[in-house]
K.L.:
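Have a look at the structure that comes next, please.
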Amino acid sequence: MAHGRIQVENGELAYEIRGAGDPVVLLHGGMLDSRMWDAEMTALERHHTAIRYDARGHGESSTPTQRFKHYEDLRSLMTALELPRATLVGLSGGGRIAVDFALTYPDLVENLVLVATGLGAMVTTDPFVLEQNKKLEEAGAGGDLPAAIECVLRMWVDGPRRSPEDVDPNVRRRCREMYTDTITRHSGSGFVLMDELRAVERVGELTPRTLTLVGDLDSSDILAIADQIESEARDARKLVVPGVAHMINLEKPADFSRILLDFLAGSREFRL
């Protein structure tokens, strides 16, 4: 196991690397941090070189002060760690980074695992998410951090089809801690200052072997993106995970790790 920091343009990234074998880079969701991959690091390190890092504006990495690209930061990380190619596993905003990277550097991507992913330039239409976003803006304007965090939890942990009481309290607690740390430390600058590709218009250009996972209780927008990736990407399979919303790996870590390892081993059949 090794922890380190690498320099990127106008900043730095904190990372951890474990194990040996074909490299797998884990990209956390927006406003979360690399702690969300605890179970997966343990599962992967037996057969793979497992790498996780905090995206700029998250966790232990630096706070951006000018515009930047998350996918170019990932390129800098892979160069610094001397990774010629890697499998990318990204949840939500991490999936957006993985897709942008795969569109920009297709020869550097072995496989893509996109978990509850969004895409750059996607349009939000889900009524529940729009309602919570409005409440989030009001809470932010009023300086009510706990209320703002609760809106994010409602959108991206509970989802539109569950109440908070329906969700494992430990999952909500872990996400609340990461969300709070990100806002307290970085003030959301990892979103405000980032530049993305218009990936929603370019899904057909994705060439890596791809697995997309989506929870059946997630927002209609995320479900639609999973369908789009399955139908338009060159070599994509979709797996719908029942009984979960956005945080698939946190709610079902054993199932998620098994599916991930089966996919990396070359399987084209998956069971839950």
K.L.:
Do the side chains of Lys238 and Asp227 get nearer than 4.5 Å, heavy atoms only?
P.N.:
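They are in side-chain contact.
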K.L.:
Does any pair with a residue in residues 51-80 pass ring-ring contact (aromatic ring centres under 6.0 Å, His included), and if so which ones, sequence neighbours excluded?
P.N.:
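Applying ring-ring contact (aromatic ring centres under 6.0 Å, His included) to every pair that reaches into residues 51-80, excluding sequence neighbours, yields His28-His58, His58-Phe191, Phe68-His70.
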K.L.:
Determine, stepwise, if the pair Met178 / Arg35 fulfils side-chain contact (heavy atoms from CB on, under 4.5 Å).
P.N.:
CA-CA 8 Å; Met178 287 185 276; Arg35 289 176 290 177; 3.5 Å; yes
K.L.:
For the residue pair Val203 and Glu232, what are the closest heavy atoms and their distance?
P.N.:
CB-OE1, 3.5 Å
K.L.:
Taking the side chain from Ser257 and the backbone from Ala254, do they hold a donor-acceptor pair closer than 3.5 Å?
P.N.:
no
K.L.:
Taking side chain as C-beta onward, heavy atoms only, is Leu239 less than 4.5 Å from Ile259?
P.N.:
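Contact flag for Leu239/Ile259 side chains = yes.
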K.L.:
Do you see a donor-acceptor pair shorter than 3.5 Å between the side chains of Asp54 and Ser61?
P.N.:
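Side chains of Asp54 and Ser61: no pair found under 3.5 Å.
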K.L.:
Would you mind listing every ring-ring contact (aromatic ring centres under 6.0 Å, His included) that reaches into residues 141-175, with sequence neighbours excluded?
P.N.:
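Applying ring-ring contact (aromatic ring centres under 6.0 Å, His included) to every pair that reaches into residues 141-175, excluding sequence neighbours, yields Trp156-His246.
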K.L.:
What verdict does the side-chain contact (heavy atoms from CB on, under 4.5 Å) test give for Leu206 and Leu103, after you've listed the backbone C-alpha separation in whole Å, the side-chain angles of each residue and the deciding distance to 0.1 Å?
P.N.:
CA-CA 6 Å; Leu206 288 173; Leu103 290 171; 3.8 Å; yes
K.L.:
So do Leu197 and Arg202 actually touch side chain to side chain, heavy atoms under 4.5 Å?
P.N.:
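When only atoms from C-beta onward are counted, Leu197 and Arg202 do touch, with a gap below 4.5 Å.
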K.L.:
Compare all side-chain heavy atoms of Leu88 with those of Leu74 and state whether any distance is below 4.5 angstrom.
P.N.:
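Yes, close enough: below the 4.5 Å cut-off.
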K.L.:
Let me check something: do Leu217 and Val241 share a hydrophobic cluster, defined by ILVMFWY side-chain heavy atoms less than 4.5 Å apart, either directly or through other members?
P.N.:
no
K.L.:
Looking at Asp235 and Arg209, is there a salt bridge between them, counting it only when a charged N and a carboxylate O are closer than 4.0 Å?
P.N.:
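So Arg209 does not pair with Asp235 through a salt bridge.
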K.L.:
Show the nearest heavy-atom pair for residues Glu40 and Met36, with the distance to one decimal.
P.N.:
OE1-O, 3.6 Å
K.L.:
Side chain to side chain donor-acceptor pair (under 3.5 Å): which pairs involve residues 14-23, sequence neighbours left out?
P.N.:
Glu16-Arg18, Glu16-Arg52, Arg18-Glu45
K.L.:
Does any part of the side chain of Asp255, heavy atoms only, come nearer than 4.5 Å to the side chain of Asn249, both counted from C-beta?
P.N.:
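When only atoms from C-beta onward are counted, Asp255 and Asn249 do not touch, as no gap falls below 4.5 Å.
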K.L.:
Indicate the atoms forming the closest heavy-atom contact of Ala148 with Leu136, along with that distance.
P.N.:
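Ala148 and Leu136 have their closest heavy atoms at O-CD1, 3.4 Å.
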K.L.:
Do Val171 and Val157 come close enough that some side-chain heavy atom pair is under 4.5 Å?
P.N.:
yes
K.L.:
Between Ser76 and Asp73, do the side chains contain a donor N or O and an acceptor N or O under 3.5 Å apart?
P.N.:
no
K.L.:
Mind jotting down which residue pairs meet the salt bridge (Lys or Arg N to Asp or Glu O under 4.0 Å) criterion with at least one end in residues 92-105? Sequence neighbours excluded, please.
P.N.:
Arg96-Glu196
K.L.:
Assess whether atom CD of Glu9 is packed by more than 12 heavy atoms of other residues, nucleotides or ligands within 6.0 Å.
P.N.:
no
K.L.:
Measuring only between side-chain heavy atoms, which start at C-beta, is Leu261 closer than 4.5 Å to His48?
P.N.:
yes
K.L.:
For a quick test of reading the model, state the closest non-hydrogen atom pair linking Leu153 to Cys175 and the distance between them.
P.N.:
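It is CD2-CB, 3.9 Å.
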K.L.:
I need the single residue from Leu91, Thr87, Leu44, Val113 that forms a side-chain contact (heavy atoms from CB on, under 4.5 Å) with Leu26. Which is it?
P.N.:
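By the side-chain contact (heavy atoms from CB on, under 4.5 Å) criterion, Leu26 pairs with just one of Leu91, Thr87, Leu44, Val113: Leu44.
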K.L.:
Within 45° of the axis and under 6.0 Å from the centre of the six-membered ring of Phe101, does NZ or CZ of Arg75 qualify?
P.N.:
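Checked: cation-pi criterion not met.
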K.L.:
Count the heavy atoms belonging to other residues, nucleotides or ligands that lie under 6.0 Å from CZ of Arg198, then report whether that count exceeds 12.
P.N.:
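Counting other residues, nucleotides and ligands, CZ of Arg198 stays at 12 neighbours or fewer.
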K.L.:
If every non-hydrogen atom of Thr49 is compared with every non-hydrogen atom of Ala20, which pair is closest and at what distance?
P.N.:
OG1-CA, 3.3 Å
K.L.:
Please test Thr210 against Asn111 for side-chain contact (heavy atoms from CB on, under 4.5 Å), starting from the C-alpha separation and ending with a verdict.
P.N.:
CA-CA 6 Å; Thr210 300; Asn111 305 286; over 6 Å; no
K.L.:
Is there a donor-acceptor pair closer than 3.5 Å between any side-chain N or O of Arg185 and the backbone N or O of Gly59?
P.N.:
yes
K.L.:
Under the salt bridge (Lys or Arg N to Asp or Glu O under 4.0 Å) rule, what pairs show up with a residue in residues 136-157, not counting sequence neighbours?
P.N.:
Glu150-Arg172, Glu150-Arg176, Arg154-Asp158
K.L.:
Please report the closest heavy-atom contact between Val244 and Arg162, naming both atoms and the distance.
P.N.:
CA-NH1, 4.2 Å
K.L.:
Could you check Leu32 against Arg174 for side-chain contact (heavy atoms from CB on, under 4.5 Å), going step by step and ending with a plain yes or no?
P.N.:
CA-CA 9 Å; Leu32 299 171; Arg174 289 181 67 190; over 6 Å; no
K.L.:
Hey, any chance Val99 and Phe263 share a hydrophobic cluster, counting ILVMFWY side chains that come within less than 4.5 Å of each other, even indirectly?
P.N.:
yes
K.L.:
Are Leu27 and Val89 side-chain neighbours, meaning at least one heavy-atom pair lies under 4.5 Å?
P.N.:
no
K.L.:
So does Ala14 get a backbone contact from the side chain of Arg5, meaning a donor-acceptor N/O pair under 3.5 Å?
P.N.:
no
K.L.:
Are Leu145 and Tyr179 co-members of a hydrophobic cluster defined by side-chain heavy atoms under 4.5 Å apart?
P.N.:
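Yes, same cluster.
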K.L.:
Any donor-acceptor pair under 3.5 Å linking the side chain of Arg56 with the backbone of Thr63?
P.N.:
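No, the answer is negative, given that no donor and acceptor are paired below the 3.5 Å cut-off.
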K.L.:
Determine which pairs satisfy side chain to side chain donor-acceptor pair (under 3.5 Å) with at least one residue from residues 115-125, sequence neighbours left out, and list them in order.
P.N.:
Thr125-Asp221
